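Below is one structure, written out as structure tokens; comments come after it.
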Amino acid sequence: MTTPHDVTDALAAASAPRQRGLLARGLGRSYGDAAQNSGGLVLDMTAFKRVLNLDTVGAEVRVQAGADLDQLTRFLLPHGLWLPVVPGTRQVTVGGAIAADVHGKNHHVAGSFGSHVLEMDLMTADGQVHTLTPQGVDSELFWATVGGMGMTGVILHATVACSHVETAYVVVDTERARDIDDLLARLTTDDDTYHYSVAWFDALATGRALGRAVITRGRGATLDDLPPELAREPLAFGSRSASLTTPALPLGAVNRWTGRAFNELWYRKAPVERRAEVQAIGTFFQPLDAVGDWNRLYGPRGFCQYQFVVPFEAVETFRRAVEVIAGSGHPSCLNVLKRLGPSNPGMLSFPAPGWTLAVDLPVKPGLDRLFAQLDDLVLSAGGRVYLAKDSRLTAATLSSMYPRLQEFRAVRAKVDPAGIFVSDLARRTQL
Amino acid sequence: MIDALGNPQSLLLLGGTSDIALAIAHAYAGRANGLRVVVAARPGPRRDDAVQDLQRAGCVVRAVDLDARLPSSQTAAVDAAAAEGDIDVAVLAYGVLGDNEQAWHDVETGAELAEVNFVGPVTAGIVLADRIRRQGHGVVVALSSVAAERPRRSNFVYGSTKAGFDAFYTGLGEALREHGGHVLVVRPGFVHSKMTQGLKAAPLATTPDRVAAAVVAAVDARKEQVWVPPAMRLVMSTLRHLPRPVFRRLPL
């Protein structure tokens with residue numbers, strides 16, 4: 001799609017009898033079936049990507065929904081501005097970032113992407129364009145759209161609040177935690193003094209080393225933090241896209257043994273403690289963007305990501321979940337753990353105050369049983385699983401995890417009574 | 001939808017009282033909670049038993065009437081299953097073995113074998129293909145037989161109907177590829193089941209549960225053909241290449 005008129009055409013085509021609905025798709029980086037609509041129409045939004053307006057004083061940027069975070073990072077930095085929230089990849093459109101209400105390493109202090117959207121234009125199933133704001137008359141539709149996985153309509157434009165930055169660098173402190181208790185204690189003590197925080201943990205270590213981790217936390221670098229050679233061009237964005245590529249492997253490279261070796265190596269290679277290291281933002285925020293097609297490492301059957309959050313009180317459940325994963329024999333290498341801050345009013349928005357954990361597991365027999373066991377733990381603690389990463393939740397589990405689902409369905413029934421907007425995720429889980 | 005771990009949400013069993021079809025449903029029921037199953041078969045006590053059996057396994061079951069010799073009945077069965085949501089996996093399991101001597105001597109018996117084993121499945125395949133094209137996804141498990149691979153004196157009428165069946169579903173798999181559909185052609189050897197009751201078991205005989213396990217694994221791996229037991233593939237490959245004077249002397 002290149003103009004809003006294309007959306008009107010697609011809506012007309014999708015409304016014909018025997019059709020299977022319409023779905024807007026960004027860069028397709030959701031881990032599951034959120035951006036797929038089998039048998040139906042999918043609108044490729046990625047050509048609709050112009051920056052419409054930039055207010056450098058007020059730090060606001062207005063863009064077409066297909067604009068992506070890589071493009072915006074490169075566009076904003078020379079103006080001393082940056083996106084308020086960046087996830088683990090820059091290959092995300094603004095529309096996708098709103099639909100999944102993505103979060104980043106600053107969630108504990110800054111919230112998720114939807115919290116920084118000042119205004120958006122949404123075309124609903126009747127072809128009407130609604131200008132939505134977080135507090136305006138249509139705020140209900142706004143907060144159904146934030147985290148709504150594309151089910152309320154097609155986001156056309158959005159205005160996003162940016163942050164001022166002096167440099168394109170982050171000052172990073174790295175430290176090792178010897179086990180899960182040490183990890184949680186360190187994160188509880190002083191996490192809020194850092195603007196960015198994340199921990200990688202060893203998902204295969206058991207016993208006394210259970211949950212040993214490498215914590216990396218930082219803040220935006222000021223001009224004074226930079227060594228002279230970087231200070232000459234403080235806002236230069238060095239990161240290139242995908243400089244390494246992965247060949248298509250007939251069998252997955254990730255198994256119990258390589259997984260164990262990787263986890264051991266990753267833990268050992270991290271310094272026990274290192275303070276105030278200056279890193280480029282691309283390196284700090286999106287290390288995987290430097291490796292093209294890294295997903296191929298998991299072989300032809302691929303992998304599933306599982307990310308959940310449980311409230312801070314449920315720390316025992318959290319510990320139990322780490323134990324279950326580490327003891328399962330399913331190897332995970334990209335294991336992320338983080339403290340999340342307050343949620344926003346998004347009805348299906350994922351982030352909630354508490355501990356979140358994400359693991360990538362290669363698909364093999366028995367993985368469904370491990371996930372079912374984790375679902376039970378997460379549910380018992382009043383937690384939830386992230387929809388943008390899900391590819392196997394059932395309708396029943398999802399509705400227990402998202403208590404505001406009924407409210408969301410009511411909004412959807414109002415703006416899209418015929419159910420034109422649909423995805424495979426929505427079909428599978430009866431959103 | 002079939003989820004990322006290969007678990008379907010719905011099954012359609014055409015020939016739902018067949019031992020193999022039920023074993024496949026049980027294999028999936030063990031993996032997916034609240035699996036929706038449509039049992040299409042002739043009404044009667046055998047179908048009632050099948051429904052109760054699957055309900056006990058935690059499935060949400062619905063029975064619909066199916067007469068393999070009536071094309072309209074195939075359409076009605078597929079439509080009934082589709083009315084409740086997408087058909088994730090359809091299993092084509094009905095068929096008759098018949099008596100070979102009677103079948104090649106008597107027009108009616110031979111024609112019935114051809115209708116039930118070939119004409120009916122072709123009709124069902126066309127209706128299923130239409131549904132799968134519209135869904136953009138869907139798996140068909142077609143139960144062929146090793147008898148389809150080379151006609152034998154002792155069961156060539158059955159073998160010929162299965163050869164047609166096998167060719168049709170192999171081709172349908174190619175046709176549905178671009179539409180997101182997938183067809184698995186299953187070639188079991190001798191299976192201990194209601195269909196073979198009273199017959200002397202052949203070498204490498206297998207059971208419905210083993211066929212089901214092989215089917216589920218093959219669907220997970222998106223295979224297009226599977227032999228049960230796997231050794232049957234090599235055996236049949238050898239038999240297919242034997243010169244006819246030798247083949248005819250074998251005690252098969």
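Each chain gets a letter, A, B and so on, in the order its sequence line appears, and its residues count up from 1. Just so it is clear, the structure is predicted and the values come from calculations on it, not from any experiment.
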Greatest number of non-hydrogen atom pairs under 4.5 angstrom with chain B, of A:D368, A:V363, A:D33, A:N37, falls to A:D368

Heavy-atom count around B:R69 CZ within 6.0 Å, excluding the residue itself: above 12? yes

Rounded to the nearest 0.5 angstrom, the CG-CG distance for B:L5 and A:L370 is 10.0 Å

B:H137 backbone acceptor or donor facing A:S38 side chain under 3.5 Å: no

Heavy-atom distance under 4.5 Å to chain A: side chain of B:Q9, backbone, both or neither? side chain

Residues in residues 371-401 of chain A that sit under 4.5 Å from chain B, counting heavy atoms only: A:F371, A:S391, A:R392

Determine, for A:R20 against B:D86, whether the closest basic-nitrogen to carboxylate-oxygen distance falls under 4.0 angstrom. yes

Tell me if the NZ atom of B:K223 is crowded by more than 12 foreign heavy atoms within 6.0 Å. no

For the residue pair A:R301 and B:D220, what are the closest heavy atoms and their distance? NE-O, 3.7 Å

More than 12 foreign heavy atoms under 6.0 Å from CG of A:D9: is that the case here? yes

Chain A heavy atoms under 4.5 Å from B:R222: which part of the residue, side chain, backbone, both or neither? neither

Could you tell me which residues in residues 173-192 of chain B have at least one non-hydrogen atom under 4.5 Å from a non-hydrogen atom of chain A, sorted by residue number? none

Inspect the surroundings of CZ in B:R42 and state if more than 12 heavy atoms from other residues, nucleotides or ligands are less than 6.0 Å away. no

